[in-house]
Amino acid sequence: MKFAIQSRNDELSNKLMDEAIEYLTDFGLIYDEVKPEIVLSIGGDGTLLHAFHKYQHRLKETAFVGIHTGHLGFYADWIPSEIEKLVISISRKEFEVIEYPLLEVTINYQHMDQSATYLALNESTVKSPEVTLVMDVELNNSHFERFRGDGLCMSTPSGSTAYNKALGGAIIHPSLPAMQLTEMASINNRVFRTVGAPLVLPAHHRCVLTPVKGPDFMVTVDHLQLLHKDVKSIQYRVSDEKVRFARFRTFPFWKRVSDSFIDSDE
Ligand code: NAD
């Protein structure tokens with residue numbers, strides 16, 4: 001089996017990376033950064049986001065596993081002292097593969113029908129670089145609302161515990177193929193109105209944001225942030241693609257939620 005490692009590049013993560021490469025090659029695995037079948041991410045959730053984007057062109061052939069060298073992560077849930085156990089399980093192929101939904105983001109530009117498509121593991125946000133964001137929100141080809149405020153966030157189920165949670169969104173189990181739209185400080189008064197609650201949309205639904213004031217926007221896709229110029233519309237849907245995680249032991253999602261946000265000792 002071919003493997004690759006993404007390190008956060010700090011001293012501990014790099015040391016673990018060297019150890020893992022040595023152990024795995026001793027067990028007959030081949031280090032291949034181009035076509036890995038399994039990618040070990042060593043660092044934190046941010047490191048796994050980097051690994052995901054590096055290998056997003058071969059999601060069907062690649063499974064991810066995360067080791068955290070800082071605090072417990074949502075994607076990085078193995079601890080450094082478990083590395084030997086992990087290496088043995090990988091070499092014996094003793095793991096299951098679980099799949100989580102992803103978000104497809106398509107940005108259409110005003111000129112020459114150009115567009116760009118991205119995949120998000122956590123979320124995509126839209127903000128206006130200088131002024132209040134004013135966007136028409138369309139759901140399945142029907143006008144839903146005119147949003148005015150700081151920004152909008154569309155998250156995946158596995159990203160629902162990240163930025164989405166800070167915006168008051170619900171935590172969604174990643175077995176549900178869905179996406180969630182949350183508001184960032186919407187303006188609500190006698191003149192302007194938004195729904196004022198997170199919306200959970202199923203697969204096959206489309207959400208299109210069309211600029212009312214614009215045309216330049218800051219759009220994030222996970223940790224990546226870009227200023228997009230001359231934007232005609234931004235479309236969100238649940239992707240047909242999925243991310244695959246190698247699962248070596250059960251660590252239920254709700255246990256991860258309680259360990260991360262409530263109490264890790266009970
Ligand atoms: P980072 O690695 O410092 O991540 C920021 C924090 O988000 C870390 O504590 C990380 O563990 C946590 N995180 C990432 N994905 C998570 C997930 N799915 N569930 C729970 N926690 C998660 O910074 P980065 O590499 O730039 O990460 C980008 C992510 O940061 C974005 O995808 C976004 O979700 C998150 N973020 C959060 C806020 C906020 O909570 N107010 C603001 C901006 C970005």
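Worth knowing before you read on, the calculation uses all heavy atoms, side chains too, and leaves out hydrogens, waters and symmetry mates. Each ligand, and each atom within it, is numbered from 1 in the order the structure gives.
Taking every non-hydrogen atom of Glu123 and a distance limit under 4.0 Å, the qualifying atoms of ligand 1 come out as 31 (C), 32 (O), 33 (C), 34 (O). Interface of Tyr75 with ligand 1, defined as ligand atoms under 4.0 Å from a residue heavy atom, comprises 18 (N). When each atom of ligand 1 is checked for a heavy atom of Gly46 under 4.0 Å away, the hits are 2 (O), 25 (O). When each atom of ligand 1 is checked for a heavy atom of Tyr163 under 4.0 Å away, the hits are 33 (C), 34 (O), 37 (C), 38 (C), 39 (C), 40 (O), 41 (N), 42 (C), 43 (C), 44 (C).
Heavy atoms of Lys165 found under 4.0 angstrom from ligand 1: none, in either backbone or side chain. Both the backbone and the side chain of Thr161 come within contact range of ligand 1, each with a heavy atom under 4.0 Å. Within the 4.0 Å heavy-atom criterion, neither part of Leu167 lies near ligand 1. In Ala166, the part holding a heavy atom less than 4.0 Å from any atom of ligand 1 is the side chain. Contact annotation for Ser158 and ligand 1: only backbone heavy atoms (N, CA, C, O) come within less than 4.0 Å of the ligand.
Ranking the protein heavy atoms by distance from atom 28 (C) of ligand 1 puts Leu49 CD1, 3.8 Å first. In terms of protein heavy atoms, atom 11 (O) of ligand 1 is closest to Asp45 OD2, 2.9 Å. At the shortest separation from atom 9 (O) of ligand 1 among protein heavy atoms lies His71 NE2, 3.5 Å. Of the protein's heavy atoms, Ala162 CB, 3.5 Å lies nearest to atom 16 (C) of ligand 1.
For atom 38 (C) of ligand 1, the protein comes within 4.0 Å by at least one heavy atom. Within the 4.0 Å cut-off (strictly below), a protein heavy atom is located near atom 34 (O) of ligand 1. In this structure, atom 3 (O) of ligand 1 is not in close contact with the protein, since no protein heavy atom lies within 4.0 Å of it. Under the 4.0 Å distance rule, the nearest protein heavy atom to atom 25 (O) of ligand 1 falls inside the cut-off. Protein heavy atoms all stay at least 4.0 Å away from atom 6 (C) of ligand 1. Proximity of atom 13 (N) of ligand 1 to the protein is indicated by at least one non-hydrogen atom lying closer than 4.0 angstrom. Within the 4.0 Å cut-off (strictly below), a protein heavy atom is located near atom 41 (N) of ligand 1.
Checked by distance only, ligand 1 and His223 stay at 3.5 Å or farther apart across all their nitrogen or oxygen atoms. Residue His50 places no N or O, backbone or side chain, under 3.5 Å from any N or O of ligand 1.
With sequence neighbours left out, Arg237 forms a side-chain hydrogen bond (donor to acceptor under 3.5 Å, both in side chains) with Glu104, Asp240. Partners of Glu33 according to the side-chain hydrogen bond (donor to acceptor under 3.5 Å, both in side chains) rule, which considers only residues two or more places apart in sequence or in another chain, are Tyr31.
Using a distance-only test at 3.5 Å, with no hydrogens or angles considered, a donor-acceptor pair links the side chain of Glu82 to the main chain of Ile79.
The two atoms that bring Pro101 and Pro157 nearest to each other are CG-CG, 4.0 Å, heavy atoms only. Shown here for Ile90 and Met1, the closest heavy-atom pair between the two residues is O-CE, 3.4 Å.
No more than 12 heavy atoms of other residues, nucleotides or ligands sit less than 6.0 Å from atom CG of Asp113. Residue-environment remark: NE2 (His57) exceeds the threshold of 12 foreign heavy atoms within 6.0 Å.
In the model, Tyr236 has a side-chain atom that pairs as donor or acceptor with a side-chain atom of Ser124 under 3.5 Å. Residues Thr210 and Glu138 have side chains that never bring a donor and an acceptor to within less than 3.5 angstrom of each other. In this structure, a donor-acceptor pair under 3.5 Å is absent between the side chains of Arg148 and Ser186.
Remark: aromatic rings of Phe245 and Tyr75 are close, center separation under 6.0 Å.
Below 30°, between 30° and 60°, or above 60°: for His228 and Tyr118 the angle between ring planes is above 60°, a perpendicular geometry.
If you take OG on Ser160 and CD on Glu123, they are separated by 10.5 Å, rounding to the nearest 0.5 Å.
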